[in-house]
Amino acid sequence: QVQLEESGGDSVQAGGSLRLSCVASGSTPSIAYMAWFRQAPGKGREGVATIATHDGTTYSADSVKGRFTVSQDNVNNTVYLQMNSLRPEDTAMYYCAASLRYIPAWGRYNPGLYIYWGQGTQVTVSS
């Protein structure tokens with residue numbers, strides 16, 4: 001079992017920055033991939049960024065590329081999402097997710113392939 005807890009969400013103005021954190025506990029050595037998803041009101045869950053825990057390889061969705069960066073701290077079992085140049089359309093609940101299995105490229109942003117989820121942290125960006 002893996003437990004995930006996000007933090008760092010806040011209300012900011014457009015152009016601002018936030019850093020989200022996701023602390024994993026439990027069977028953390030079993031985690032193969034971690035990801036950040038977001039969900040705005042009335043919309044589906046959208047993949048934002050992923051990281052392969054064994055080698056730190058990262059991927060970012062086109063909608064956030066160049067603005068958001070995912071990273072990990074293996075000592076503290078924490079994954080971060082650094083968000084810069086925030087826009088109103090980035091407003092959403094942000095979730096951390098974990099998979100114990102290899103995820104192919106086609107499934108990288110498929111929420112159905114991640115079995116552990118945090119409760120989410122709210123990010124609100126005003127214009």
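Nothing here was measured: the structure is a model prediction, and the numbers come from that model. The basis for the numbers below is simple: all heavy atoms, side chains too, and nothing from hydrogens, waters or symmetry mates.
- When hydrophobic clusters are built by joining Ile, Leu, Val, Met, Phe, Trp and Tyr residues whose side-chain heavy atoms come closer than 4.5 Å, directly or via intermediates, Tyr95 is not grouped with Leu100.
- Interatomic distance, Asp73 CG to Cys22 SG, rounded to the nearest 0.5 Å: 12.5 Å.
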(message) The test is side-chain contact (heavy atoms from CB on, under 4.5 Å); show your working for Ser21 and Thr78 and say whether it passes.
(response) CA-CA 7 Å; Ser21 300; Thr78 302; 4.3 Å; yes

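- A 6.0 Å sphere centred on CD of Gln122 holds more than 12 heavy atoms belonging to other residues, nucleotides or ligands.
- Tyr59 and Ile31 fall into different hydrophobic clusters, where Ile, Leu, Val, Met, Phe, Trp and Tyr residues are linked whenever their side-chain heavy atoms come under 4.5 Å apart, directly or through other members.
- Using a 4.5 Å heavy-atom cutoff, the side chains of Ser17 and Asn84 are in contact.
- Among Thr50, Val70, Leu4, the one residue that satisfies the side-chain contact (heavy atoms from CB on, under 4.5 Å) test with Met34 is Leu4.
- Taking hydrophobic clusters as Ile, Leu, Val, Met, Phe, Trp and Tyr residues chained together by side-chain heavy-atom distances below 4.5 Å, Leu20 shares a cluster with Leu86.
- Note on ring orientation: taking the six-membered ring where Trp is involved, the planes of Phe37 and Trp117 are tilted (angle from 30° to 60°).
- Contact record, Gly44 with Gln39: O-CG, 3.8 Å, taken as the closest heavy-atom pair.
- By the 4.5 Å heavy-atom criterion applied to side chains, Arg38 and Asp90 are counted as neighbours.
- One finds the CD atom of Glu46 at 14.5 Å from the CH2 atom of Trp36 (value rounded to the nearest 0.5 Å).
- In this structure the side chain of Val123 reaches within 4.5 angstrom of the side chain of Met83, judged on heavy atoms.
- To the nearest 0.5 angstrom, Arg101 atom CZ is 12.0 Å from Ser30 atom OG.
- Between atom CD1 of residue Ile103 and atom CG of residue Leu113 there is a gap of 5.5 Å, rounded to the nearest 0.5 Å.
- Follow the hydrophobic side-chain contacts under 4.5 Å out from Val125 and you reach Val64 in the same cluster.
- At distances below 3.5 Å, at least one donor-acceptor pair connects side-chain atoms of Glu6 with backbone N or O atoms of Gln119.
- Linking ILVMFWY side-chain heavy atoms closer than 4.5 Å, directly or via other members, places Phe68 and Tyr114 in two distinct hydrophobic clusters.
- Between Ala49 and Leu81, the shortest heavy-atom distance links the atoms CB-CD1, 4.2 Å.
- Counting all heavy atoms, side chain and backbone alike, Pro29 lies closest to Gly26 at CD-O, 4.5 Å.
- Although no hydrogens or angles enter the test, the distance criterion places no donor-acceptor pair under 3.5 Å between the side chain of Ser27 and the main chain of Val2.
- Counting all heavy atoms, side chain and backbone alike, Ala14 lies closest to Ser127 at CB-CA, 4.3 Å.
- A donor atom on one side chain and an acceptor atom on the other are not found under 3.5 Å apart for Glu89 and Ser63.
- Salt bridge annotation for Asp62-Lys65: present, with a cationic side-chain nitrogen under 4.0 angstrom from a carboxylate oxygen.
- Side chain of Tyr109 to backbone of Ala61: a donor-acceptor contact under 3.5 angstrom is found.
- Note that CE of Met93 is 8.5 Å distant from OG1 of Thr124, once rounded to the nearest 0.5 Å.
- To the nearest 0.5 angstrom, Thr121 atom OG1 is 10.0 Å from Glu5 atom CD.
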